[in-house]
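Structure first, commentary second.
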Amino acid sequence: MTIAFETEETVNAARTDVWARFTDWTRAQQWLPGVSSVSADGETTDGTILRFNSEHHPHGEGATAILHDVVPFQKLTLTTVSGDVSADYRYSFTGTGNATRILLVADVAVTGDSESLAESIRERIANAERQQLALLKKAIETEIR
């Protein structure tokens, strides 16, 4: 896969609080651009499937993702597949006290008939998704105050 973007933020909150809010999928629309709702088929663990409804598919089926490499309070990967495009969103959480650093790396593979459009697809994903952590930081810090 090839990196579409990498971003990080430091949230002024304890890692346990950041993780709890990050994995409260009912609130994900606060920080996932274009997403109107998210539901999970269980607890946040390897193999959990997330279902997304977006502004682009308000009455349609929307998108799905699967969670893997879940280590509570430390990291998780969210993988989406749409046609020839597979994206791994790798989140990691570090820090002590009331400062939590979150790193997001979006790794996007493009195959098949779409392969010639790979760089354009990665650029569109980066433009649409790169503000996730800034939005998450704002949501958490606003709520904690």
Exam field: side chain Arg15 to backbone Gly95, donor-acceptor pair closer than 3.5 Å: yes
Validation row: Thr44, Trp25 side chains within 4.5 angstrom (heavy atoms): yes
Nearest non-hydrogen partners of Glu129 and Pro33, listed with the distance: OE1-CD, 4.0 Å
Same apolar cluster: Val70 and Phe93, side chain cutoff 4.5 Å: yes
Close side-chain approach of Leu78 to Ile66, heavy-atom, < 4.5 Å: no
Test item: Ile102 and Val18 side chains (from C-beta on) under 4.5 Å apart, heavy atoms: yes
Gap between atom CZ of Phe52 and atom OG of Ser36 - 0.5 Å precision: 11.0 Å
Geometric class of the Phe22/Trp19 ring pair [parallel <30°, tilted 30-60°, perpendicular >60°]: tilted
Side chain to side chain, Thr77 and Thr79, heavy atoms closer than 4.5 Å: yes
Lys/Arg-Asp/Glu bridge criterion (N-O < 4.0 Å) met for Arg21, Asp24: no
Arg90 with Asp107: basic N within carboxylate O range, under 4.0 Å: yes
Residues Arg27, Glu143: salt bridge by 4.0 Å N-O rule: yes
Residue pair Lys137 / Thr10: nearest heavy atoms and the distance that separates them: NZ-O, 2.5 Å
Any side-chain donor near an acceptor of the partner, Asn53 and Ser37, under 3.5 Å: yes
Student check: side-chain heavy atoms of Val108 and Thr2 closer than 4.5 Å: no
Atom pair OG/CG of Ser39 and Leu50 - distance to nearest 0.5 Å: 8.0 Å
CG-OH distance between Leu133 and Tyr91, expressed to the nearest 0.5 angstrom: 7.0 Å
Shared hydrophobic cluster, Val81 / Leu117 (ILVMFWY, side-chain heavy atoms < 4.5 Å): no
Distance in Å, Thr64 OG1 paired with Ile49 CD1, rounded so as to fall on 0.5 Å steps: 6.5 Å
